[in-house]
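Reviewing the structure listed below.
Chain A is the first sequence line, chain B the second, and so forth, proteins listed ahead of strands; every chain is numbered from 1. As the structure is a computational prediction, the values presented were derived from the model and not from experiment.
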Number of protein chains: 2
Amino acid sequence: MMLKIGELASKTDVSHHTLRFYERQGLIAPAGRSDSGYRLYSDLDVDRVGFILSAKKVGFTLLEIQQLLELEITKDDNSCGDVKCFVDKKISAVNQRMLEMKRIKKSLQALSKACCGGSVPATQCTILEALSEQKN
Amino acid sequence: MMLKIGELASKTDVSHHTLRFYERQGLIAPAGRSDSGYRLYSDLDVDRVGFILSAKKVGFTLLEIQQLLELEITKDDNSCGDVKCFVDKKISAVNQRMLEMKRIKKSLQALSKACCGGSVPATQCTILEALSEQKN
DNA sequence: CTTGACCCTAGACCATAGTCTAGGGTTTAA
DNA sequence: TTAAACCCTAGACTATGGTCTAGGGTCAAG
Ligand SMILES: [Zn+2]
Ligand SMILES: [Zn+2]
Ligand SMILES: [Zn+2]
Ligand SMILES: [Zn+2]
């Protein structure tokens, strides 16, 4: 019933290095310790690693996951609105980054389009010229 | 005609810290040094900082900018095709990242949609439940 | 001749998410 | 009893793009 770190590692496919790293980051702590100081994890801890992995898959950072876990643990004192708000803020941040990436993509495509791409020397390459242009 | 680092910094809006950092990264080197060891920059160096800033704006990393500068310097020996290929590879990478962001955005939106967002306790919050779900 | 503004090098520090090593101790099985 | 396999802590190291400090040297004006 209690797992040592190596067992948890193979069960969750998270390395023991990473599990200890998550512990230092305050994401997970073993349910107890053996007499010799070995970490001992319970089934709840296994679930917790699952939560962390799920949250990572949807793009949350470790800090955000820490906050989500806090919400989870104290969920009786939090409302659905609190949790949804947390997710919606993340959606906004993701949207922001996507807009920036779209801008970048368009700029790059414009550069690519203007370049002949031939085997002629790049002496007059429009890409290099565009990047060299002074915007004063 | 020759600028000291502080002058280049205010001219380009790049801090002297960052200029020295770029130098360590091999992006730019002063045209010369004064007797007392001060960095002295030429007009070409000003252009070079402009190139770096332009390339940053379209999303290139410092390593990529280093490679682009290499292309620029040896442009007589490179073809337009080489330069365009470099940009197209970057576009592919950007597309990859955008796909991943879209996946994340959709997941987050699905989570948000399923949650009632009300002021009821989050004890049965579908978001927390979805993240807790085991995918074995 | 001192003050302030500038310059120098070398190196520490920040976030982010780990990975790995050194140098020990423990457990288990042959 | 000894070797393998596991565990422990503490801390270094990776990439990325800087920022900042410590502890000096230089230069110009008053
Ligand atoms: Zn061309
Ligand atoms: Zn071209
Ligand atoms: Zn609800
Ligand atoms: Zn909810």
Practice item. Measure the distance from CG on A:Leu3 to C1' on D:dC7 and round it to the nearest whole Å. Key: 15 Å
Practice item. Side-chain contact test, heavy atoms from C-beta onward, threshold under 4.5 Å: evaluate it for A:Gln67 versus A:Leu63 and give yes or no. Key: yes
Practice item. Could you state the atom-to-atom distance from CG of A:Leu27 to P of C:dA17 in whole Å? Key: 10 Å
Exercise for review: Select one nucleotide: of C:dT19, D:dT19, D:dC8, the one nearest the side-chain heavy atoms of B:His17.
Suggested key: D:dT19
Revision key, fill the gap. Ranking D:dT9, C:dT19, D:dG18 by distance to the side chain of B:Thr18, first place goes to D:dG18
Practice item. Please determine, for the side chain of A:Lys56, which listed nucleotide (C:dG18, D:dC27, D:dC8) has the closest atom? Key: C:dG18
Practice item. Under 4.0 Å between any heavy atoms, over every strand shown, what does A:Ser15 touch: base, sugar-phosphate, or nothing? Just pick one. Key: sugar-phosphate
Check your understanding: What's the closest nucleotide to the A:Lys4 side chain, out of D:dT19, D:dC7, C:dC7?
Key -> D:dC7
Exercise for review: Tell me which of A:Tyr41 and B:Leu62 sits closer to the 5' end of DNA chain D, going by the nucleotide each one is nearest to.
Suggested key: A:Tyr41
Exercise for review: Starting from P on C:dT27, measure out to CD1 on A:Ile5 and report it in whole angstrom.
Suggested key: 16 Å
Point to revise | Separation of atom CD in B:Gln66 from atom P in D:dG18, rounded to whole Å | key: 14 Å
Check your understanding: When the nearest nucleotide of DNA chain C is assigned to B:Gly6 and to A:Leu63 on a heavy-atom basis, which residue is associated with the more 5' position?
Key -> B:Gly6
Review point. Just checking B:Ser34: base, sugar-phosphate only, or nothing, at a heavy-atom cut-off of under 4.0 Å?
Key: nothing
Check your understanding: Checking all strands, does A:Arg20 fall into the base, sugar-phosphate, or nothing category for heavy-atom contacts under 4.0 angstrom?
Key -> base
Check your understanding: Roughly, in whole Å, what's the span from CG in A:Leu40 to C1' in D:dC8?
Key -> 13 Å
Review point. A:Phe21 side chain: which of C:dC8, C:dA17, D:dG17 is closest?
Key: C:dA17
Point to revise | Distance in angstrom units between B:Ile65 CD1 and D:dA15 C1', rounded | key: 16 Å
Study note, to complete from the structure: Closest to the side chain of A:Arg39, out of C:dT9, C:dT19, D:dT9, is D:dT9
Revision key, fill the gap. Tested for salt bridge (Lys or Arg N to Asp or Glu O under 4.0 Å) against B:Glu64, the lone hit among B:Lys89, B:Lys56, B:Lys90 is B:Lys90
Review point. Hey, are the side chains of B:Leu40 and B:Pro30 touching, using non-hydrogen atoms and a 4.5 Å cut-off?
Key: no
Review point. For DNA chain D, whose closest nucleotide is more 5', that of B:Tyr38 or that of B:Phe60?
Key: B:Phe60
Check your understanding: To the nearest angstrom, how far is A:Leu19 atom CG from C:dA17 atom P?
Key -> 16 Å
Check your understanding: Is it true that A:Glu100 and A:Arg103 have a side-chain N and a carboxylate O under 4.0 angstrom from each other?
Key -> yes
Check your understanding: Among the nucleotides D:dT26, C:dG11, C:dT27, which one has an atom lying closest to any side-chain atom of B:Ser36?
Key -> D:dT26
Check your understanding: Is any side-chain nitrogen or oxygen of A:Arg33 closer than 4.0 Å to OP1 or OP2 of D:dT9?
Key -> yes
Exercise for review: Could you check if a side-chain atom of B:Glu72 sits within less than 4.5 angstrom of a side-chain atom of A:Ser132, using non-hydrogen atoms only?
Suggested key: yes
